[in-house]
Amino acid sequence: MPELPEVETVRAGLASLITGATISAVEVRRDSCVRLLPGGAAEFAAAITGTTIRAVVRRGKFLWCELDSMEALSAHLGMSGQFRVHHGAVVPAPHSHCRARLLLEVGSQTMTLDFLDQRTFGYLHAEPLIATSDGLPGGQGSDTAMVPASVTHIARDALDPHLDPASAAMTMRRGSRGIKQVMLDQTVVAGIGNIYADEALWMARLHPERPAHAVTSRQATDLLAAAQDVMREALAQGGTSFDALYVNVNGESGYFSRSLHAYGRGGEPCERCGRLLTRASIGGRSTHWCSQCQRRWAARGSRTARARGGT
DNA sequence: AGTAGCACCTGATTGC
DNA sequence: TGCAATCAGGTGCTAC
């Protein structure tokens, strides 16, 4: 499942290959992949054909190309989206999961950019760029940015250097939801998905269902740092892959799945204490944790436990 | 306002 | 063997 490290790997790959390219032709092979546009495939093609890609940008799991038209060609990979680039004028037959194909030109060079998406939760979109500042929900810092209209509600990226960890950690402690639910809320901090949420909670020794308001300031800070650490490490290894749904623009998988401590390891021993890891569905998402290391409530003897009369 | 629940979708896997 | 049920899950919408 593409989360921040996977989407960043895709962004970097695309940026190196298609920056400066002009979109010469657009073929939408499945209309639902441009479902956000009322005018469908025709509107999509009309909006981006003839434009030149200035930059490839990302916030959280949202990805977009800045176009010279001052609009954005935006994309979300959903669960299974992939971009694949082919070089040269000889264009291979499209994959059965190919939802859209763009022809690109850089000078005399021709490229084909395919958007593949087996489970079709992903999309392509053409939309205006909106200037944003620290007025963004969950956004801190003082820089300004241009983001697509559909991304204006998304919080600052978890690895954005302008993210204020103390402020983000404070936001994470609000409300009655389980802390994992909060981590997955892209309007709080952007980029954390199901895999890295479980990993960060295991590293920070926090139960996924601990209410956000029962997480201490120190714990929230540690949890955010753990999420950043695990995603930085995954990024360095080219992203996680355990089912071939995620690949980079050259079709290669990452290696980070070998480093997972919690996700997908239900029934296996915890690497810290040996207790068998629990797997359960929480909020409709498979969740993995150690019932020994990750307690739902604060440990006996802590201020919280004493206030409640202990557990 | 904040939160829970569900729809969206397809292919691999599991169960009978 | 074959068909049906189950599972995976990010986002956004609706309902409470």
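Proteins come first, then strands; the chains are lettered A, B, ... in the order of their sequence lines, and each starts at number 1. Any value given below was found using the heavy atoms of this structure, including those in side chains, with hydrogens, waters and symmetry copies removed.
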Length of the line joining [X]:[atom1] and [N]:[atom2], which is rounded to integer Å:
| X | N | atom1 | atom2 | value |
| --- | --- | --- | --- | --- |
| A:His213 | B:dG2 | NE2 | C1' | 12 Å |
| A:His76 | C:dG12 | NE2 | C1' | 11 Å |
| A:Leu36 | C:dC13 | CG | P | 9 Å |
| A:Phe121 | C:dC7 | CZ | P | 15 Å |
| A:Gln186 | C:dT11 | CD | P | 4 Å |
| A:His153 | C:dG10 | NE2 | P | 15 Å |
| A:Ile179 | B:dT3 | CD1 | P | 11 Å |

message: Give me the atom names and distance for the closest heavy-atom approach of A:Ala220 to A:Arg173.
response: CB-CG, 3.7 Å
message: Can you say whether a donor on the side chain of A:Arg174 sits under 3.5 Å from an acceptor on the base of B:dG2, or the other way round?
response: no
field: Side-chain-base donor-acceptor pair under 3.5 Å for A:Arg99 and B:dT10
entry: no
- prompt: What class does the angle between the rings of A:Phe115 and A:Phe83 fall in, given that below 30° is parallel, 30 to 60° is tilted and above 60° is perpendicular?
  reply: tilted
- prompt: What does A:Ser32 touch in the nucleic acid at a heavy-atom separation under 4.0 angstrom: a base, only the sugar-phosphate, or nothing?
  reply: nothing
task: Identify which one of A:Thr52, A:Thr51, A:Asp68, A:Thr49 satisfies the side chain to side chain donor-acceptor pair (under 3.5 Å) criterion when paired with A:Thr22.
output: A:Thr52
message: How about CD on A:Gln109, more than 12 heavy atoms from neighbouring residues, nucleotides or ligands closer than 6.0 Å, or not?
response: no
message: Side chain of A:Arg177 only, heavy atoms from C-beta on: which candidate in B:dT10, C:dG12, B:dA4 is closest?
response: B:dA4
